[in-house]
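Not measured: the values here are computed from a predicted model.
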Amino acid sequence: MSEPFYITTAIHYPNGRPHIGHAYEMIAADAIARFQRQAGRDVFFQTGTDEHGLKMVKTARDRGVEVRALADEMSGYFRDMADTLNISCDRFIRTVEPQHYAASQAIWAAMRDAGDLYLDRYEGWYSVRDEAFYEEKELEERDGVRLSPQGTPVEWTAEETWFFRLSKYQQPLLDFYAANPDFIQPESRRNEVLRFVEGGLTDLSVSRTSFDWGVPVPDSPGHVMYVWVDALTNYLTGTGYPDAPNRYWPAALHLIGKDIVRFHAVYWPAFLMSAKLALPKTVFGHGFLLNRGEKMSKSTGNVVDPMQLAELYGVDALRYFLLRDISFGQDGTFSGEAIVTRANSDLANSFGNLAQRTLSFIAKNLEGALPDAGRADPADTDLLATVHDAIMSFCDTFANLQLGQALEAWMRGVFACNQYIDVQAPWALRKTDPERMHAVLGTLVRAIRDLAIAIEPVVPASAAALLGQLGQAGKGHDAIGDHRWYADAQAAGFRIAPPTPIFPRLTIAETEPA
């Protein structure tokens, strides 16, 4: 059995409809999951919604609906988005599921049995929007309002709560970071976490009594778990916990936004240490998406609906742009013009046109039959070597979560093919040197097939359609560079049907979604 690879997004807080940031995280995680499946890994990919907490209670109250009804409605929008964006998750989890209640209460009991929970009175600053507690030293004051490091307002809270002995784990966490330097990525996030933990950890309030929308604390009537205790536990729920976690634990990768790195890289490993469970291998905090360089907010009216973007420009074009143009781990900006420019340049004009004119030429002039060996030239082996090198570079950088750099490497292979076809000019060879024409076309078919296999995790529907035209759908990394398929297809009498364009040229929408 192949080595397991468990990848998760953060579970999304559904007090509103999904925005482009949610879509970006799902798309990146999906591309990584698909890539690892192609590499032969036994992948389990989980996403979902985090439906408890005071913020949901207040949103439901403002709308005049029951909080469970709000959770059901909003979670449905996230599931619909996952379906629309072709997200290949193995499980879409909801924190209202009975199994998740059992998992959350089990890890609570394990932390209690370790002596790490105690009852006391909490007084401090709390951000409802972040569902997070902050120390005085972390706050700033603006126009008479105290704000968290995320710029959200905080309010003074006082109530009896259960506390987790987070301070006990300061040194164990620092030791773990030192022994596992790749645990927190990218490096900038690691440095932020190290500074935070080295500055000293205080015990964490982990229950609430001011509302009841949450997982009940075992043997403590009136208390529900702090939303992050139950939210983080979802990653264990997906592995079958509270029974012994299955083969997918520990997670290979938690992919999250940079604003919640502290919860995943400090609180979560401390909870797991307390419960005597293995820690995840990597927490990666990606950056924010900016609408034309500006942070999105409801107040400015520039929050973008990813479903409308997908409808306007196509799912695969949107996926490709987000992974190609956003430096993974850093903030990035987007616009309709940028999506169209990138999709037209790389997909329609470069790779799509290459495939279309090659396969159309074969369908028209060879009745769809795969070209014969013909008269070879060193340029043929040079091209296949260049394409193979580009794809291997793509695979290496993609595996290291350098997604944008990986797509740059892939494009080097595409550019090499376009230079080759322009120089070799098979349309001219058709009359002057048919044997050479066959060799050129056969070389291009092999290169296009390998490039399509490589890019399938990023543009799965489009690449699958192209590979289907070649009878090569569903191939993994082990098929790249293995050209035995070509002779087998020839022997079987395979023919290429007149192709339809895989990547249509896009135009700028007159009205951008909002």
Side-chain angles (χ1 to χ4, degrees), residues 1-11 29 32-33 36 39 41-48 50 89-91 93 95 99-117 164-185 189-190 193-194 197 201 204 206 215 225-226 228-256 260-285 399-401:
M1 183 178 292
S2 63
E3 182 184 359
F5 185 90
Y6 178 23
I7 179 173
T8 75
T9 66
I11 50 173
I32 294 166
Q36 292 293 342
R41 302 286 291 276
D42 176 16
V43 173
F44 185 74
F45 171 24
Q46 179 165 294
T47 188
D50 167 21
C89 59
D90 297 288
R91 181 166 182 181
I93 194 168
T95 55
Q99 183 190 354
H100 179 67
Y101 273 55
S104 300
Q105 291 173 334
I107 196 171
W108 182 281
M111 294 189 293
R112 180 196 61 207
D113 293 346
D116 289 335
L117 296 175
F164 173 73
R165 297 186 193 278
L166 185 63
S167 58
K168 170 182 171 181
Y169 291 94
Q170 179 174 339
Q171 193 57 49
L173 285 169
L174 292 173
D175 293 342
F176 179 77
Y177 303 151
N180 299 274
D182 293 332
F183 174 64
I184 307 168
Q185 297 184 32
R189 310 281 182 260
R190 172 180 164 80
V193 169
L194 283 174
V197 177
L201 296 178
L204 180 68
V206 289
V215 178
M225 293 181 194
Y226 171 43
W228 276 103
V229 175
D230 113 64
L232 291 162
T233 302
N234 94 88
Y235 305 129
L236 281 172
T237 308
T239 69
Y241 187 80
D243 296 330
N246 64 26
R247 66 185 182 279
Y248 295 110
W249 190 260
L253 176 62
H254 290 322
L255 181 60
I256 58 169
I260 55 174
V261 168
R262 179 191 304 181
F263 303 97
H264 287 77
V266 181
Y267 301 164
W268 181 225
F271 295 162
L272 291 168
M273 287 177 179
S274 175
K276 298 177 175 54
L277 293 167
L279 275 59
K281 296 176 183 177
T282 300
V283 172
F284 190 101
N400 289 324
L401 304 182

Could you go through Y226 and F164, starting from their C-alpha distance and side-chain angles, then the distance that decides it, and tell me whether this counts as side-chain contact (heavy atoms from CB on, under 4.5 Å)?
CA-CA 11 Å; Y226 171 43; F164 173 73; over 6 Å; no
To the nearest 0.5 Å, how far apart are OH in Y6 and NE2 in H254?
7.0 Å
Would you say the side chains of H100 and D230 form a donor-acceptor pair under 3.5 Å?
yes
Minimal heavy-atom distance between P250 and K281, with the atoms involved, is CG-CE, 4.3 Å
Indicate yes or no: at least one non-hydrogen side-chain atom of F263 is less than 4.5 angstrom from one of I256.
no
What residue among L204, L277, L279 forms side chain to side chain contact (heavy atoms under 4.5 Å, CB included) with F271?
L204
Looking only at heavy atoms, which two atoms of Y241 and A103 are closest? And how far apart?
CE2-O, 3.4 Å
Under the 3.5 angstrom rule, does the side chain of Q46 hit a backbone N or O of D90 as a donor-acceptor pair?
no
Working to the nearest 0.5 Å, report the span between CD1 of I7 and CG of L253.
4.5 Å
Would you mind telling me which of I184, V193, L232, T8 makes a side chain to side chain contact (heavy atoms under 4.5 Å, CB included) with H264?
L232
Can you name the nearest heavy-atom pair linking V206 to L117, along with the distance?
CG2-CD2, 3.9 Å
Closest contact, heavy atoms only, A231 versus N234
O-ND2, 2.7 Å
Quick check against the 3.5 Å criterion: does S2 have a side-chain atom that pairs as donor or acceptor with the backbone of D42?
yes
Dump the intermediate steps for side-chain contact (heavy atoms from CB on, under 4.5 Å) on L201 and Y267, then the final yes or no.
CA-CA 10 Å; L201 296 178; Y267 301 164; 5.9 Å; no
pair T239-F44: side-chain heavy atoms closer than 4.5 Å:
no
Using 0.5 Å steps for rounding, measure from the CD1 atom of I93 to the CD atom of Q99.
6.5 Å
Looking only at heavy atoms, which two atoms of A10 and Y235 are closest? And how far apart?
CA-OH, 3.5 Å
Counting only N and O atoms by type, is there a donor-acceptor contact under 3.5 Å from the side chain of R190 to the main-chain atoms of Q185?
no
Does W249 reach the main-chain N or O of L236 with its side chain, forming a donor-acceptor pair under 3.5 Å?
no
Minimal heavy-atom distance between G238 and N246, with the atoms involved, is O-ND2, 4.3 Å
Using the test side chain to side chain donor-acceptor pair (under 3.5 Å), find all partners of D182 that sit at least two apart in sequence or belong to another chain.
none
Return a table of donor-acceptor pairs under 3.5 angstrom between the side chains of residues 105-116 and protein atoms on other chains or two or more places apart.
unit_1	atom_1	unit_2	atom_2	d
Q105	NE2	P216	O	3.1
D116	OD1	K168	NZ	2.8
D116	OD2	Y169	OH	2.4
D116	OD2	S274	OG	2.6

